[in-house]
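As the structure is a prediction and not an experimental result, all values here were calculated from the model.
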Amino acid sequence: MEFPLLFWGVLAWMIFWGVAGSILIKRRYLARDLDTSNAAFIGTMAGASLGPVGLAAVWAATPRTSVYLTTSLALLTVLIIAVTFSFADPDNICVVSGGFVASQFVNGLIIGIIYGFMALGLSLIFSILGVVSFAHGEFYMIGGMLVYFITEVWFPGINPLMGVLGACLVAFLLGAVFERLMLTPMYHGKIDRPIEYGILVTFGLAFTLQYFVQALVGANPVKAQRFLEFPRWRFPAEADPIWIKTSRGSMTLFEQVTISSPRFTAAITCILVLLALLFLMHRTWTGKALRAVSQDREAAAITGINPNTMNMLAFALGGMIAALAGALLVQAFSWLPQVGAIPAMRSFVIVVLGGLGSLPGAFIGGIMVGLVEAAGTGCVPDAQKAASYIPAYGMIVLTLTLLLRPTGMFGRRFAGGMHGKG
């Protein structure tokens with residue numbers, strides 16, 4: 001960095017006024033008996049982006065909190081940080097190469113979609129059961145392992161779609177059986193501390209699945225073949241630059257952005273399954289029953305919905321979604337019995353960021369984490385350091401979320417399931 005004092009000086013200024021705004025604006029809203037759920041966030045963003053001027057304006061007006069206000073202040077803060085970075089390090093590749101920035105953005109968006117999709121299952125389980133499943137990463141691992149063995153070992157040459165469907169079916173059945181055997185006692189008052197019990201039994205499931213798979217297949221990495229190979233094609237055929245160019249394993253957009261076939265396949269499938277899940281949740285009786293149980297378990301039971309059946313379905317669906325994410329990515333990464341640890345950690349970060357129990361929040365949170373990681377890794381000149389910093393970006397996002405808005409972007413304070421019991 002050519003002018004580090006400029007960057008760190010501006011960052012220190014933003015942090016100082018952001019902390020001041022978080023404290024002062026929240027007290028101001030409390031004094032006026034206004035909604036304080038977003039007051040700390042608004043104060044922080046106003047202070048960080050506009051300094052004392054912004055704080056004075058918010059203090060005087062105490063505007064009603066809204067998505068537009070919070071989003072505008074957040075984007076302004078990010079813009080100021082980006083502009084400051086460009087002046088402090090004018091020779092950085094993120095500053096001088098628009099094509100590199102576009103490539104990082106697209107790849108961050110794609111991996112963010114996959115992150116968000118995996119976190120959907122964890123959020124679904126929590127919203128219905130009130131249990132944080134610590135076995136989520138192991139369902140992800142099992143999905144990839146099953147696809148590898150179905151398509152490469154047991155039935156070589158079989159359509160990869162059959163392997164993905166088989167992995168989803170096994171994960172769904174495994175989740176349903178585990179919920180019936182181990183989590184059902186929580187619903188009938190047989191467990192004194194159900195929340196702690198749920199954490200412990202899912203931890204136990206995680207260890208059991210991980211070491212069981214390792215005992216069966218060993219600890220050597222495996223990887224499936226690409227599910228889809230693009231035809232060789234370019235459009236427009238005679239234009240310069242070429243808008244779209246495909247080879248067997250990748251797609252290039254505007255001769256700048258390259259997307260690998262495995263990631264493209266995974267992202268498109270995730271979007272389609274997400275749309276199907278939203279249709280299920282909002283347009284079918286089963287989905288409405290799941291949402292009813294997540295909002296008020298007792299009231300749902302009075303209307304004739306069986307909460308225990310919905311609990312089983314939610315846990316099975318959540319595990320299946322994680323397995324599907326793994327099934328789609330085993331073609332892109334090497335697979336080990338321990339491969340689920342890091343995706344599980346990212347899922348926890350994403351679920352907290354989006355709001356516990358919020359499906360849209362989980363998906364949007366995943367995209368945000370993906371973009372933050374892409375920006376962080378792309379702008380650090382040393383590739384080795386950039387790779388080592390990847391877990392830190394998620395932790396920074398998680399810390400800021402807990403400080404500024406503990407309920408997350410779309411979270412609610414109360415939900416169904418086992419929340420507040422025990």
Non-hydrogen atoms of I305 and P307 that approach each other most closely: O-CD, 3.0 Å
Closest non-hydrogen atom pair, T77 against S49: OG1-CB, 3.5 Å
Heavy-atom side-chain proximity of L6 to F87 below 4.5 angstrom: yes
Heavy-atom side-chain contact between L173 and L169 under 4.5 Å: yes
From CD1 (I364) to CD1 (I113), nearest 0.5 Å: 12.0 Å
Whether F7 and F85 hold their rings parallel, tilted or perpendicular, with breakpoints at 30° and 60°: perpendicular
Approximate separation, where rounding is to 0.5 Å, of M320 CE and L277 CG: 8.0 Å
Evaluation steps, side-chain contact (heavy atoms from CB on, under 4.5 Å), between T184 and E179: CA-CA 6 Å; T184 299; E179 193 278 337; 4.2 Å; yes
N/O donor-acceptor pair under 3.5 Å between Q104 side chain and A374 backbone: yes
M182 side chain reached by L205 side chain, heavy atoms, under 4.5 Å: no
Residues, nucleotides or ligands: over 12 heavy atoms within 6.0 Å of Q214 CD: yes
Separation of L120 CG from L278 CG (nearest 0.5 Å): 8.0 Å
Heavy-atom check, side chain of V217 versus side chain of Y148, under 4.5 Å: no
Value rounded to 0.5 Å, distance of CG in L275 from CG in L280: 12.5 Å
F348 CZ: over 12 foreign heavy atoms closer than 6.0 Å: yes
Approximate separation, where rounding is to 0.5 Å, of L274 CG and I321 CD1: 9.0 Å
Exam field: side chain T151 to backbone P156, donor-acceptor pair closer than 3.5 Å: no
More than 12 heavy atoms from other groups under 6.0 Å of CD1 on I342: no
Minimum side-chain heavy-atom gap F172-L317 below 4.5 Å: yes
Where G340 and Y140 come nearest, the two heavy atoms and their spacing: CA-CD2, 3.9 Å
Heavy-atom pair of closest approach, residues G137 and M118: CA-CE, 4.2 Å
Side chain to side chain, T269 and F117, heavy atoms closer than 4.5 Å: no
Heavy atoms from other residues, nucleotides or ligands near CZ of F207 exceed 12 (cutoff 6.0 Å): no
Donor-acceptor contact present, side-chain S72 to main-chain Y68, <3.5 Å: yes
Point-to-point distance, once rounded to the nearest 0.5 Å, from CD1 of I80 to CG of L76: 4.0 Å
Note, N107 side chain near I111 side chain (heavy atom, < 4.5 Å): no
Candidate pair V222 and E152, rule side-chain contact (heavy atoms from CB on, under 4.5 Å), full reasoning: CA-CA 10 Å; V222 298; E152 303 290 334; over 6 Å; no
Minimal non-hydrogen separation, T202 against V132, with atom names: OG1-O, 3.6 Å
Under 3.5 Å: donor-acceptor pair, side chain of E138, backbone of L209: no
Heavy-atom closest contact (A322 atom, F139 atom, distance): CB-CB, 3.9 Å
Side-chain donor or acceptor of S86 paired with backbone N/O of V83 under 3.5 Å: yes
Beyond-backbone contact of L290 with M281, side-chain heavy atoms, under 4.5 angstrom: yes
Stepwise side-chain contact (heavy atoms from CB on, under 4.5 Å) test for F155 and M162: CA-CA 10 Å; F155 307 102; M162 302 305 296; over 6 Å; no
Full working for side-chain contact (heavy atoms from CB on, under 4.5 Å) between I114 and L328: CA-CA 9 Å; I114 299 169; L328 294 171; over 6 Å; no
